Amino acid sequence: MDSAYNFKEYEQKIYELWEKGNFFSPDSYPDHKDQSFCIMMPPPNANDPLHIGHAMFIAIEDILIRFNRMRGLDTLWLPGTDHAGIETQFVFEKKLAKKGESRFDYDRETLYKMIWDYVQENSEVATGQMKKIGASADWSRFKFMLDPKVVEVVLNTFSKLHEKGLVYRSLKLVNYCTKCGTSYSELEVEHEEKSDTLYTIQYGPLQVATVRPETLFGDVALAVNPSDSRYKDFIGQNVEADFPWGKISLPVISDDYVKTDFGTGVLKITPFHDPNDYDVWQRHLNEVSKPIAVINHLGKTTNVPEQFSNLNVNKAREAVVLALEENGQIVKKEPYLHTVGTCYRCKRVIEPLPLPQFFIKVKPLVEPILEALDSKKLAVHGAGHDKILKHWLQNLRDWNISRQIVWGIRLPIWYNTEETQNIQVVFVNKDKQTINSLLSDAIKQGYSLEEIKSGLQSINVPDTAEYVVSPTQPDENVNWIQETDTFDTWFSSAQWPFSTLLASQEQNDFARFYPTQVMETGYDILPFWVMRMLMIGKFVTGELPFNNVYLHGLVRDQKGQKMSKSKGNVINPLEIIEKYGADALRMALVIRSTAGLDKSVGEGDFKAMRNFSNKIWNAARFITTALDLNIKGQDETNQAFIKKMSEVEAQVTQQLTNFKIGQACETTYEEFWHWYCDVCIEDTKQQKLSSDLLKDGLKRFLVLLHPFVPFVSEAIHQELNQTPNQPLIAKNWPL
RNA sequence: GAACCUAUAGCUCAGUUGGUUAGAGCGCUUCAUUGACAUUGAAGAGGUCAGAGGUUCGAGUCCUCUUAGGUUCACCA
């Protein structure tokens with residue numbers, strides 16, 4: 001053995017030894033039958049290189065997996081990757097843009113294939129990196145979110161939700177990003193402070209304050225508070241306003257929503273461009289006419305007077321304000337600070353737009369989870385995040401699952417083209433022209449339905465249309481067309497704990513491993529992912545997908561600052577592995593980390609943990625090469641050693657069982673270095689402690705150390721025993 | 001506006017159901033080391049555990065309030 005542990009020489013060799021020996025597969029341990037232990041790896045984006053956060057979850061999960069495998073449980077860590085719908089499509093679109101192309105140059109089928117190939121090219125990268133960190137996952141059970149069998153499960157879930165009446169299609173205001181070209185759920189909208197101008201407009205006899213004069217054309221009413229004495233006489237009356245583009249007449253309604261002390265106390269109601277106005281409209285359906293949309297999906301004005309038509313929102317606002325000013329109808333302009341919804345991806349202002357979308361009713365899904373939290377059947381480890389989860393569950397709104405992108409699972413929704421009126425289609429014809437028209441018109445112009453479908457980009461079907469839910473075309477004798485929206489990425493990832501097992505080639509994997517034991521992930525995706533896995537998992541299988549949630553925190557730099565490219569403080573896990581070894585990386589991330597709280601690491605931590613690997617190595621080297629093996633020691637010291645050794649084993653076991661992973665890691669580190677090395681080895685040198693006991697202690701410590709530092713512990717084990725068929729990874733845990 | 005989290009050594013953080021003298025890593029001081037390891041060892045300096053009150057035989061730990069920082073949610077035209 002060398003005098004220093006050379007991790008570069010061992011890590012790859014050791015990983016190959018495990019992988020080739022199938023030691024990651026539960027099927028290699030026929031005696032591990034009594035109890036199962038399963039973790040679903042949170043699937044990283046298929047085409048993302050790993051960052052330090054991935055290293056964190058791999059380290060923690062691998063510790064739990066190795067520990068439970070060594071304890072003799074039927075242990076599976078199932079890895080996979082996610083298609084990450086919107087993220088991936090936009091990365092790909094950037095690539096297209098570099099070639100001067102866009103998604104609108106391709107029909108959806110072609111585009112989908114192109115993205116598929118692109119993802120396949122890159123997906124090897126992530127798995128290769130996970131292996132470098134030492135992930136003992138069962139790669140033979142690897143799943144990709146868009147594997148046909150996984151998709152099949154997702155579609156079945158949707159059908160089941162539909163059968164139970166939990167799916168509906170509705171024309172609601174959705175959060176639409178006109179740049180990204182898709183709608184989002186509530187959760188994906190960020191709120192940012194923005195300074196705008198608040199305009200007070202002379203609206204006939206009344207004055208109205210607004211930041212969005214360009215939506216004037218979509219107004220259906222003016223509203224006042226019923227208790228506002230100033231406007232009592234107007235309620236129920238119509239007011240006439242003489243705008244530069246013509247006269248309009250609107251009813252004045254009363255609603256408690258209107259604040260008397262804001263602006264003028266008069267609110268213009270624009271149901272299709274403001275969610276609050278939409279709600280007001282819903283309460284006064286009989287008093288006002290049906291609204292029209294005056295902004296379209298490109299963020300441009302539509303259904304407005306000629307001179308304002310087809311302008312971007314900001315341009316339209318300027319034009320309208322100018323026209324009103326010239327007419328003396330702008331009473332006041334004041335700076336105004338308010339928060340607006342922005343797209344979490346591109347940071348542009350979200351446009352609330354009326355769009356028929358599919359929603360899932362969440363109430364019935366949420367209740368059993370709240371119950372499980374209250375009855376402690378579900379434990380969330382992580383600094384108060386159980387309360388946050390509860391808060392989310394209690395306030396959740398119906399889930400918009402439609403996305404207007406190609407890269408995802410297409411909704412199994414079919415419209416009958418013979419009976420459904422006013423289907424709008426966008427398709428690429430044989431001459432590569434993009435046609436946007438009513439389906440009926442396109443057919444009149446000589447396009448066949450098949451031709452349209454093969455070049456299809458998107459369809460837009462009125463909210464009143466009938467539809468059929470079916471994974472395949474429902475009936476050969478009817479001309480059907482399938483919805484072009486795809487599922488929210490989180491709808492498919494919500495099913496990960498069971499879709500992976502149901503899609504497994506091994507027939508009984510689902511029965512064998514479901515429900516899983518732990519869901520380990522970052523607290524930042526608690527509402528997006530964990531909450532929805534619980535809801536959907538319980539609904540589909542009748543059981544919680546897991547009873548424990550372990551949330552790790554963000555990895556921060558040595559000063560406790562968030563890592564970001566612009567700060568230049570990003571740590572690349574692969575560089576750390578190169579410099580200090582995978583064991584050092586894992587230890588540094590995990591030691592003294594606490595569930596739910598952020599962890600800061602720096603160069604010094606990696607160095608210290610590299611030193612630890614070396615310490616283990618040298619302790620082993622001393623004992624096997626330099627130790628006098630005939631030391632009997634003194635009874636007292638020998639007895640104390642035996643006692644303490646068992647205590648350490650019990651302590652680490654207990655800490656790991658209770659998900660005190662950072663502490664278990666620290667205990668192992670402390671006891672090995674500062675007790676076993678500093679005290680026990682010295683005792684033996686001084687003839688106080690039996691050399692046999694000391695040697696036995698090394699073997700026992702290697703087992704305890706293995707989940708935390710798998711490479712160096714296995715390397716030593718192999719040096720000592722030369723038994724590749726009986727590696728440390730498969731050894732028995734003492735308790 | 002609301003919820004949640006955090007406050008412990010110079011820095012970054014642990015501290016398990018309340019229980020002797022509050023710990024680690026890095027940094028600092030002094031010394032040691034030709035035989036496991038300088039990627040080492042020994043010794044040491046450094047803490048009113050944010051502040052105030054309370055519960056208790058006993059509080060870093062439980063409760064209330066205050067202060068500071070952070071995260072998230074909700075926000076009115």
Side-chain angles (χ1 to χ4, degrees), chain A residues 1-5 186-187 189-191 193 196 198-201 208-213 215 219 222-223 225 257-270 273-277 280 336 338-341 382-392 394-395 523-524 526-527 553-554 556-562 580-581 584 587-588 591-594 596-627 651 654-655 658-660 662-667 669-670 673-674 677-678 681-682 685:
Chain A
M1 289 171 84
D2 293 341
S3 72
Y5 170 55
E186 299 293 322
L187 277 59
V189 178
E190 290 176 354
H191 294 90
E193 279 219 325
D196 271 312
L198 182 66
Y199 302 94
T200 303
I201 294 169
V208 174
T210 180
V211 288
R212 302 204 61 183
T215 63
D219 292 353
L222 297 182
N225 191 290
Y257 165 73
V258 184
K259 300 262 191 297
T260 53
D261 56 356
F262 189 92
T264 60
V266 185
L267 178 60
K268 71 187 200 65
I269 301 298
T270 324
H273 299 289
D274 183 296
N276 292 308
D277 291 7
V280 172
Y336 180 57
H338 64 152
T339 51
V340 292
H385 280 91
D386 49 337
K387 291 175 204 161
I388 293 174
L389 177 61
K390 202 170 167 179
H391 187 256
W392 271 108
Q394 285 165 339
N395 294 293
Y523 65 72
D524 50 332
L526 180 69
L554 258 52
R556 294 171 177 267
D557 75 1
Q558 68 274 16
K559 287 177 192 157
Q561 289 185 314
K562 244 183 181 172
Y580 301 107
M587 279 293 282
I591 194 165
R592 266 168 269 119
S593 71
T594 315
L597 296 183
D598 295 349
K599 168 79 178 166
S600 80
V601 290
E603 202 77 11
D605 299 295
F606 299 122
K607 229 180 194 167
M609 294 306 136
R610 186 270 321 262
N611 296 355
F612 182 56
S613 302
N614 193 58
K615 187 77 184 176
I616 305 168
W617 178 262
N618 273 292
R621 189 164 72 97
F622 173 70
I623 286 163
T624 52
T625 61
L627 186 65
Q651 196 182 357
Q654 202 202 345
Q655 286 169 334
N658 295 332
F659 299 102
K660 306 283 182 187
Q663 282 179 46
C665 188
E666 182 171 24
T667 304
Y669 173 95
E670 283 299 313
W673 195 318
H674 298 302
C677 292
D678 291 351
I681 292 181
E682 295 307 315
K685 282 182 189 168

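All values below come from the heavy atoms of this structure, side chains included, with hydrogens, waters and symmetry mates left out. Just so you know, these numbers come straight off a predicted model, no measurement behind them.
- In the interface, the side chain of A/Glu682 is not paired with the base of B/A42 through any donor and acceptor atom under 3.5 Å apart.
- Ranking B/A24, B/G41, B/G25 by closeness to the A/Lys615 side chain, first place goes to B/G41.
- B/A36 is unpaired under the criterion used here, namely a Watson-Crick or G-U wobble arrangement in which both key atom distances are under 3.5 Å.
- In this structure, A/Met587 and A/Tyr580 have side chains that are not in contact, with every pair of non-hydrogen atoms separated by 4.5 Å or more.
- Taking atom CG on A/Leu554 and atom C1' on B/U6, their separation rounds to 15 Å, with Å as the unit.
- As rounded to whole Å, 17 Å separates atom P of B/U39 from atom CD1 of A/Ile616.
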I'd like a list of close polar pairs between nucleotides 71-77 of chain B and the protein, N/O only, cut-off under 3.5 Å.
| unit_1 | atom_1 | unit_2 | atom_2 | d |
| --- | --- | --- | --- | --- |
| B/A74 | OP2 | A/His191 | ND1 | 3.4 |
| B/C75 | OP1 | A/Arg397 | NH2 | 3.0 |
| B/C75 | N4 | A/Thr339 | OG1 | 2.9 |
| B/C76 | OP1 | A/Asn276 | ND2 | 3.1 |
| B/A77 | OP2 | A/Tyr336 | OH | 2.6 |
| B/A77 | O2' | A/Ala209 | O | 3.0 |
| B/A77 | N6 | A/Lys259 | O | 2.7 |
| B/A77 | N6 | A/Phe262 | O | 2.6 |
| B/A77 | N1 | A/Lys259 | N | 3.2 |

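- Closest-nucleotide positions on RNA chain B for A/Asn614 and A/Asp557 were compared, and the one nearer the 5' end corresponds to A/Asp557.
- Remark: the separation of the C1' atoms in B/C13 and B/U8 is 9 Å, to the nearest Å.
- Annotation: B/C26 and B/G41 have their P atoms spaced 10 Å apart (nearest Å).
- Side-chain contact check for A/Cys677 versus A/Lys615: some heavy-atom pair is nearer than 4.5 Å.
- Taking atom CE of A/Met587 as the reference point, atom P of B/C26 lies 12 Å away to the nearest angstrom.
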Between protein and nucleic acid, restricted to nucleotides 14-20 of chain B and to nitrogen or oxygen atoms under 3.5 Å apart, what atom pairs and distances do you find?
| unit_1 | atom_1 | unit_2 | atom_2 | d |
| --- | --- | --- | --- | --- |
| B/A14 | OP1 | A/Thr594 | OG1 | 2.9 |
| B/A14 | O5' | A/Arg592 | O | 3.4 |
| B/A14 | O5' | A/Thr594 | OG1 | 3.3 |
| B/A14 | O2' | A/Glu666 | OE1 | 3.2 |
| B/G15 | OP1 | A/Gln663 | NE2 | 3.1 |
| B/U16 | O2 | A/Gln663 | OE1 | 3.1 |
| B/U16 | N3 | A/Gln663 | OE1 | 3.4 |

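- Between B/C28 and B/U39, the distance separating the two P atoms is 15 Å to the nearest Å.
- B/U61 and B/G18: their P atoms are spaced 11 Å apart (whole Å).
- When each of A/Met609 and A/Ala620 is assigned the nucleotide of RNA chain B with its nearest heavy atom, A/Met609 is the one assigned upstream, toward the 5' end.
- Contact of A/Lys387 with B/C4 (side chain to base): no donor-acceptor pair of N or O atoms is detected under 3.5 Å.
- In this entry the distance linking CD of A/Gln561 with P of B/C11 reads 15 Å, nearest Å.
- The number of heavy atoms from other shown groups lying within 6.0 Å of CD (A/Gln654) does not exceed 12.
- Rounded to whole Å, atom P of B/U40 lies 17 Å from atom OH of A/Tyr5.
- For A/Asp2 (side chain) and A/Tyr5 (main-chain N/O), no donor-acceptor pair under 3.5 Å exists by modelled atom type.
- Residue A/Phe612 is out of contact with every strand shown, counting any heavy-atom pair closer than 4.0 Å.
- In this structure, A/Lys607 is not positioned above the aromatic face of A/Phe612 in the sense of NZ or CZ being under 6.0 Å from the six-membered ring centre and within 45° of the axis.
- A/Thr270 and A/Lys268 share a donor-acceptor pair across their side chains, judged by distance under 3.5 Å alone.
- At least one side-chain heavy atom of A/Leu554 sits under 4.5 Å from a side-chain heavy atom of A/Tyr523.
- Among the heavy atoms of the strands lying under 4.0 Å from A/Arg610 is at least one base atom, whether or not backbone atoms are also near.
- Base pairing analysis places B/G10 opposite B/C26; the two distances defining the Watson-Crick or G-U wobble pair are each below 3.5 Å.
- B/C73 and B/G1 make up a base pair, with Watson-Crick or G-U wobble contacts both under 3.5 Å.
- Separating the NZ atom of A/Lys559 from the P atom of B/G70 is a distance of 17 Å, rounded to the nearest angstrom.
- At least one donor-acceptor pair closer than 3.5 Å links the side chain of A/Asp557 to the backbone N or O of A/Gly560.
- A/Trp673 has no side-chain polar atom (N or O) that falls below the 4.0 Å cut-off from OP1 or OP2 of B/A24.
- Taking atom P on both nucleotides, B/A32 is separated from B/U17 by 46 Å, rounded to a whole Å.
- If you take atom C1' in B/A45 and the same atom in B/C63, they sit 37 Å apart, rounded to whole Å.
- The partner of B/U64 is B/A52, by the rule that a Watson-Crick or G-U pair needs both atom distances under 3.5 Å.
- Annotation: B/C49 and B/G23 have their C1' atoms spaced 12 Å apart (nearest Å).
- Within the nucleic acid shown, A/Ala619 comes within 4.0 Å of at least one base atom, counting heavy atoms only.
- The OH atom of A/Tyr669 sits 4.5 Å away from atom CE of A/Met609, with the distance rounded to the nearest 0.5 Å.
- Between A/Trp392 and A/Leu187 there is a side-chain heavy-atom pair separated by less than 4.5 Å.
- B/G15 and B/C62 have their P atoms separated by 12 Å, given to the nearest Å.
- No contact: A/His385 has no heavy atom under 4.0 Å from any strand.
- Taking atom CD1 of residue A/Ile681 and atom C1' of nucleotide B/C37, one finds them 9 Å apart after rounding to whole Å.
- Using a 4.5 Å cut-off on side-chain heavy atoms (C-beta onward), A/Lys562 and A/Arg556 make contact.
- Remark: P of B/U40 and CZ of A/Arg621 are 14 Å apart, rounded to the nearest angstrom.
- A/Lys660 and A/Thr667 share no side-chain donor-acceptor pair at under 3.5 Å.
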